Amino acid sequence: DVKVTQSSRYLVKRTGEKVFLECVQDMDHENMFWYRQDPGLGLRLIYFSYDVKMKEKGDIPEGYSVSREKKERFSLILESASTNQTSMYLCATRDPNSPLHFGNGTRLTVT
Amino acid sequence: KQEVTQIPAALSVPEGENLVLNCSFTDSAIYNLQWFRQDPGKGLTSLLLIQSSQREQTSGRLNASLDKSSGRSTLYIAASQPGDSATYLCAVPLYNFNKFYFGSGTKLNVKP
């Protein structure tokens, strides 16, 4: 079974803090994704990566950056957290033409 | 642009009932379609992936069908149980698999 591990289930941060969300997968998948999920807005793609050090912007990249230094790890960085970034953050991975697998999510609250 | 719709938004059924969840998409040029379930406060769990060349895919009490020409997929759940209560989402990838279009989900409640 594919395992996608997000480092934190719940995080509470203050406005202006730099926040790191970590995602690790154990299946040597090429593609990794960061989504946020909000009530009424569904899942929205923030960034994805198709290889080490390679990344592309999704639909809502503003206020976020990513890092992929190793194939198994994809980090989402909030440079200066704001209250409108309070959300559920979901990491996903896949290989071409194989199912998309999600982690358990990180519920981030910015106060 | 692909649009994915799931109707109804919510469904409540008594335990033991067979039920069908619907997913429709506007662009029929899809490579595959995936069904997920999501429990409250958790991530999405992959249920079934059905390729564009397939008509059906089965896993246990779940059966997914795909009709590309009409832009529809259904998820059939046989003999529903309270443990099936969750939100069910469908998703289709963009042609380059760098983006997935998700439906807004159907929230299922199976009453004991």
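Naming: A, B, ... by sequence-line order, numbering from 1 per chain. All figures in this text were calculated on a predicted structure; none of them were measured in a lab.
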A:L90, A:D59, A:T106: which one forms the most heavy-atom pairs within less than 4.5 Å of chain B? A:D59

Under 6.0 Å between ring centres, would you say that holds for B:F100 and A:Y35? no

For the hydrophobic clusters of this structure (ILVMFWY residues joined by side-chain heavy atoms under 4.5 Å, transitively), does one cluster hold both B:F36 and B:Y31? no

Taking CD in A:E56 as the centre, count heavy atoms belonging to other residues, nucleotides or ligands within less than 6.0 Å. Is the count above 12? yes

Residues of residues 68-81 of chain B within contact distance of chain A, non-hydrogen under 4.5 Å: none

So for A:S98, is it side chain, backbone, both, or neither that comes closer than 4.5 Å to the heavy atoms of chain B? backbone

B:F25 reachable from B:L47 in the ILVMFWY side-chain graph, under 4.5 Å edges: yes

With a 4.5 Å cut-off on side-chain heavy atoms, are A:L43 and B:L89 touching? yes

So which residues of residues 60-75 of chain A are in contact with chain B at a heavy-atom cut-off of under 4.5 Å? none

Just verifying a value: how many Å separate A:F102 CZ and B:K42 NZ, rounded to the nearest 0.5 Å? 15.5 Å

What part of A:Q37 lies closer than 4.5 angstrom to a heavy atom of chain B: side chain, backbone, both or neither? side chain

Max heavy-atom pairs within cutoff under 4.5 Å with chain B, candidates A:H101, A:R44, A:M88, goes to A:M88

For A:L100, is it the side chain, the backbone, both or neither that has a heavy atom under 4.5 Å from a heavy atom of chain B? both

Do you reckon A:F33 sits in the same ILVMFWY cluster as A:M54, going by side-chain contacts under 4.5 Å, direct or chained? yes

Does one hydrophobic cluster hold both A:V110 and A:V19, with members joined at side-chain heavy-atom distances below 4.5 Å? yes

Is a side-chain N or O of A:R9 found less than 3.5 angstrom from the main chain of B:G41, in a donor-acceptor match? yes

Honestly curious: do B:V110 and B:L62 fall in one hydrophobic cluster under the side-chain, below-4.5 Å linking rule? yes

